[in-house]
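Okay, structure first, notes after.
The sequence lines fix the lettering, A, B, ..., with proteins before strands; numbering per chain opens at 1. When reading the values below, keep in mind they use all heavy atoms of this one structure, side chains included, and skip hydrogens, waters and symmetry mates.
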Amino acid sequence: MDTTVRVRFAPSPTGFLHIGGARTALFNWLYARHTGGCFILRIEDTDLARNTREAVDVILDGLRWLGLDWDEGPATSDPAGPSKGDRGPYFQSMRSSVYARRVQELLSKGYAYEHEGAIKFKMQREPVTINDLIVGEVKRELTDREAEDPDFVIVRSDGQPVFHFSNVVDDLEMGVTHVIRGEDHLSNTAKHIVMFRAFGVEPPKYAHIPLILNPDGTKMSKRDKGALLSVYQEQGYAPEAVVNYLCLLGWSPKDNREIIPLEEIVARFDLPQIVRHNARFDMAKLLWMSGEYFRLMSNDRFYELATEALTKSGLNVQSFPDSYVRAAIETCKGKLKTLSELPVYAGFYFTDEVTYDPEAAARLFTPQNIGRLAGLREAFAGLASFTAPELESRLKTMAAQLGVKPSELVHPLRLACTGKTIGPSLYHLIEILGRDRVLARLDRALAWAESRSK
RNA sequence: GACCCUAUCGUCUAGUGGUUAGGACACCACCCUUUCACGGUGGCGGCCCGGGUUCGAAUCCCGGUAGGGUCGCCA
């Protein structure tokens, strides 16, 4: 008997990927990788009017961004296109014959009947016991409404199967062994279990994971800030951080660590350790983690992500020598929490149009400081080697001669070179900009002050 | 309304009958420092309430309360 674990993520292409859905996908993926099983991606696109290829791409792109690769499922967003795996098609819109066959089976077995053009499933009235791997044993009784009419529609009068039915049929046909999904499906699981039995098979194992809530504890819907995975993609969070953070929402390594390599999470992840209560989404912690990941990441990877972000922001990074770009970007590594901060933080490297922070200019470009800047300009012009250590010692020498703290010179100098009061290490940034640019920028600052004094 | 799940600092969590209830984010203070960030040190802050069980409950049981979910020809 084949005991390979088969799990699936079965999103509906609605045009967005909810952060809770992303975590459901992640937990399924983790369980598949942990057990050496198979992770299936199935697109539940039964709502034809609403589903588009773009909506499917949102899901595929989101999963790829997170690094969650699927062993079976669509290769593209085209329902009729290529796929991986031999249990397809993996788009529900392509599986109508399967549903028709399975409806027929229930009909002939007497588990379903036609009613006003629709087909309803004969649901049992007795309580159904769910043995959930996370929640434990749940005895689900009928609600008062259900008690009035326990049967439910599985095929609409227009011939379209409803979610509960197609979902169960596909899990059955695709050999899904573990259904890991949001707790919002726990109550419905009774229906699913009874349908599996009607088909004459044992239902899969169920694992209902707690939900992700807003910071205020209310349900997180598309409308809420931070509810969509796309915001983290667009804001330039480190995808590794999003994955790591999501792992920690409902699961814990229990050893007080937070930053954990994925391989290790894969090795240690298991269903029973998942907590049972809902979690509120803490953007601040994710932001912190994103910063940590950027700091820890290799220079090559950061360079890759950073150039992409800079280019996207409109900076003409390509026109600079690669060695220059690399050096510039490395001075920013570990200083930012998201890539979206990068254009503002490092833009001065890639444009000579330095605009001075008005408040800082008023405070720092005083006549006295401008005089000192002029002195610094001459000193830098005459430097034998234009390197960070040389620049630092030259500046400190001058500060000593003037009898002031180095910071008295540093702040105006930074403003002249970058237009800002914050940024990468000053001496390194100056070295990378190079003598020509730096002298030009000092001249500009001097001219700026000159024009202001008139 | 009925049914189901849950309940430890503001947030994420460790904790499974005996702990000064631990860690992380956030926040505050100080240190480091060319800015910012990082790092370091310290601080603030918690077992929802009420009954049991027990020599002893955050931990077990019951009841409240609160939050979440489900009862669709939505998914």
>> Just to be sure I understand the rule, does A:V275 reach a base, reach only the sugar-phosphate, or reach nothing, if contact means heavy atoms closer than 4.0 Å?
In response: sugar-phosphate
> The side chain of A:K191 lies closest to which of these nucleotides: B:rA75, B:rC71, B:rC36?
Replying inline: B:rC71
>> Less than 4.0 angstrom between a side-chain N/O of A:R156 and OP1 or OP2 of B:rA75, yes or no?
In response: yes
> Is A:K254 side chain donor-acceptor paired with the B:rA14 base, going by distance under 3.5 Å alone?
Replying inline: no
>> Whole angstroms only, please: what is the CG-P distance between A:D158 and B:rG72?
In response: 18 Å
> With side chains defined as the heavy atoms from C-beta onward, is the minimum distance between A:L310 and A:F350 less than 4.5 Å?
Replying inline: yes
> Counting side-chain heavy atoms from CB outward, which of B:rG39, B:rG69, B:rU34 is closest to A:Y427?
Replying inline: B:rU34
>> Rounding to an integer number of angstrom, what distance separates B:rC4 and B:rU11 when you compare their C1' atoms?
In response: 26 Å
> Touch check for A:A279, heavy atoms < 4.0 angstrom, all strands: base, sugar-phosphate only, or nothing?
Replying inline: sugar-phosphate
> Salt bridge between A:E72 and A:R8, side-chain N to carboxylate O under 4.0 Å?
Replying inline: no
> What does B:rC3 pair with, Watson-Crick or G-U, if both distances are under 3.5 Å?
Replying inline: B:rG69
> Do any side-chain nitrogens or oxygens of A:K139 fall under 4.0 Å of OP1 or OP2 in B:rC3?
Replying inline: no
> Hey, does the side chain of A:T46 come within less than 4.0 Å of B:rA75's phosphate (OP1/OP2), counting only N and O?
Replying inline: yes
> Do the rings of A:Y113 and A:H115 sit parallel, tilted or perpendicular, given the 30° and 60° boundaries?
Replying inline: perpendicular
> Does the side chain of A:T218 come under 3.5 Å of the side chain of A:D216 through a donor N or O and an acceptor N or O?
Replying inline: yes
>> Taking any heavy-atom pair under 4.0 Å as a contact, classify A:E292: base, sugar-phosphate, or nothing.
In response: sugar-phosphate
>> Quiz question: going by heavy-atom distance under 3.5 Å, is there a donor-acceptor pair between the base of B:rC71 and the side chain of A:S187?
In response: no
> What integer distance in Å separates A:E116:CD from B:rC73:P?
Replying inline: 11 Å
>> By the 4.0 Å heavy-atom rule, please label A:P424 as base, sugar-phosphate, or nothing.
In response: base
>> Need one value for A:G250: base, sugar-phosphate or nothing, where a base atom within 4.0 Å counts as base even if backbone is also close, heavy atoms only.
In response: sugar-phosphate
> Is there a Watson-Crick or G-U wobble partner for B:rC55 with both distances under 3.5 Å, and which nucleotide is it?
Replying inline: B:rG18
>> Using a 4.0 Å heavy-atom cut-off, does A:R295 contact any base of the nucleic acid, only the sugar-phosphate backbone, or nothing at all?
In response: sugar-phosphate
> Atom CG of A:N278 and atom P of B:rC4: how far apart are they, to the nearest Å?
Replying inline: 18 Å
>> Counting the atoms with a prime plus P, OP1 and OP2 as sugar-phosphate, which does A:K120 contact under 4.0 Å by heavy atoms, base, sugar-phosphate, or nothing?
In response: nothing
> Does A:F152 or A:T218 map to a spot on RNA chain B nearer the 5' end, using the closest nucleotide for each?
Replying inline: A:T218
> Considering Watson-Crick and G-U wobble pairs with both distances under 3.5 Å, what does B:rC44 pair with?
Replying inline: none
> If you find the nucleotide of RNA chain B closest to A:H185 and the one closest to A:G334, which residue's nucleotide is nearer the 5' end?
Replying inline: A:G334
>> Mind checking if A:T421 touches a base, just sugar-phosphate, or nothing, with heavy atoms under 4.0 Å?
In response: base
> Which part of the nucleic acid, if any, lies within reach of A:Y345 when heavy atoms closer than 4.0 Å are counted: base, sugar-phosphate only, or nothing?
Replying inline: base
> P atom, B:rG22 versus B:rU16: distance in rounded Å?
Replying inline: 14 Å
>> So if I take every side-chain heavy atom of A:V153 and compare against B:rA26, B:rU13, B:rC73, which nucleotide ends up nearest?
In response: B:rC73
>> Does the structure show a Watson-Crick or G-U wobble partner for B:rA37, both distances under 3.5 Å? Name it, or say none.
In response: none
> Given B:rG69, B:rC12, B:rU6, which nucleotide is nearest the side-chain atoms of A:K219?
Replying inline: B:rG69
> From the list B:rG69, B:rC71, B:rG23, which nucleotide is the closest neighbour of the side chain of A:E258?
Replying inline: B:rG23
> For the ring-ring contact (aromatic ring centres under 6.0 Å, His included) test, which of A:W288, A:F294, A:Y232, A:Y293 pairs with A:Y237?
Replying inline: A:Y232
>> From CD of A:E392 over to C1' of B:rU34, roughly how many Å is that when rounded to an integer?
In response: 8 Å
> When rounded to the nearest Å, what value does the distance between C1' atoms of B:rC73 and B:rC3 take?
Replying inline: 23 Å
> To the nearest angstrom, how far is A:L429 atom CG from B:rA37 atom P?
Replying inline: 17 Å
>> Check the orientation of A:F121 and A:F152. Use parallel for under 30°, tilted for 30 to 60°, and perpendicular for over 60°.
In response: tilted
>> Taking the P atom in each of B:rG39 and B:rA24, what is the distance between them to the nearest angstrom?
In response: 11 Å
> When the P atoms of B:rU6 and B:rG50 are considered, how many whole Å apart are they?
Replying inline: 22 Å
>> Given the structure, check if the side chain of A:T143 and the base of B:rU70 hold any donor-acceptor pair shorter than 3.5 Å.
In response: no
>> Tell me which one of A:T189, A:N28, A:T24 satisfies side-chain hydrogen bond (donor to acceptor under 3.5 Å, both in side chains) with A:R181.
In response: A:T189
> B:rU35 P sits how many Å from A:L415 CG, rounded?
Replying inline: 15 Å
> Taking the P atom of each, how far is B:rC49 from B:rC9, in whole Å?
Replying inline: 10 Å
>> Ignoring hydrogens and geometry beyond distance, is the side chain of A:K335 in donor-acceptor contact with the base of B:rU35 at under 3.5 Å?
In response: yes
>> Roughly how many Å apart are B:rA29 and B:rC44, using the C1' atom of each and rounding to a whole number?
In response: 11 Å
> C1' atom, B:rG45 versus B:rC28: distance in rounded Å?
Replying inline: 12 Å
>> Let's see if you can work this out: which of B:rC5, B:rU70, B:rG22 has an atom nearest to the side-chain heavy atoms of A:V138?
In response: B:rC5
>> So, OP1 or OP2 of B:rG72: does either fall under 4.0 Å of a side-chain N or O from A:H164?
In response: no
>> Looking only at the side chain of A:R414 (C-beta and beyond, no hydrogens), which of the listed nucleotides B:rG69, B:rG72, B:rU35 gets closest?
In response: B:rU35
>> Looking at A:R257, is its backbone amide N or carbonyl O close enough to the side chain of A:D255 to form a donor-acceptor pair, meaning the two atoms are under 3.5 Å apart?
In response: yes
> Between B:rU34, B:rC36, B:rU13, which one does the side chain of A:H411 approach most closely?
Replying inline: B:rU34
> Separation of A:L395 atom CG from B:rU34 atom P, in whole Å?
Replying inline: 11 Å
>> I'd like to know if A:K396 pairs up with A:E392 as an ion pair, taking the criterion as any Lys NZ or Arg NE/NH1/NH2 lying under 4.0 Å from an Asp or Glu carboxylate oxygen.
In response: yes
> For the side chain of A:R276, counting heavy atoms from C-beta on, which of B:rU6, B:rC5, B:rA26 is nearest?
Replying inline: B:rU6
>> Once you measure the plane-to-plane angle for A:H164 and A:H192, does it fall in the parallel (<30°), tilted (30-60°) or perpendicular (>60°) bin?
In response: tilted
>> Under 4.0 Å, heavy atoms only, any strand: does A:G217 hit a base, just the sugar-phosphate, or nothing?
In response: sugar-phosphate
>> Whole angstroms only, please: what is the CG-P distance between A:L426 and B:rU35?
In response: 10 Å
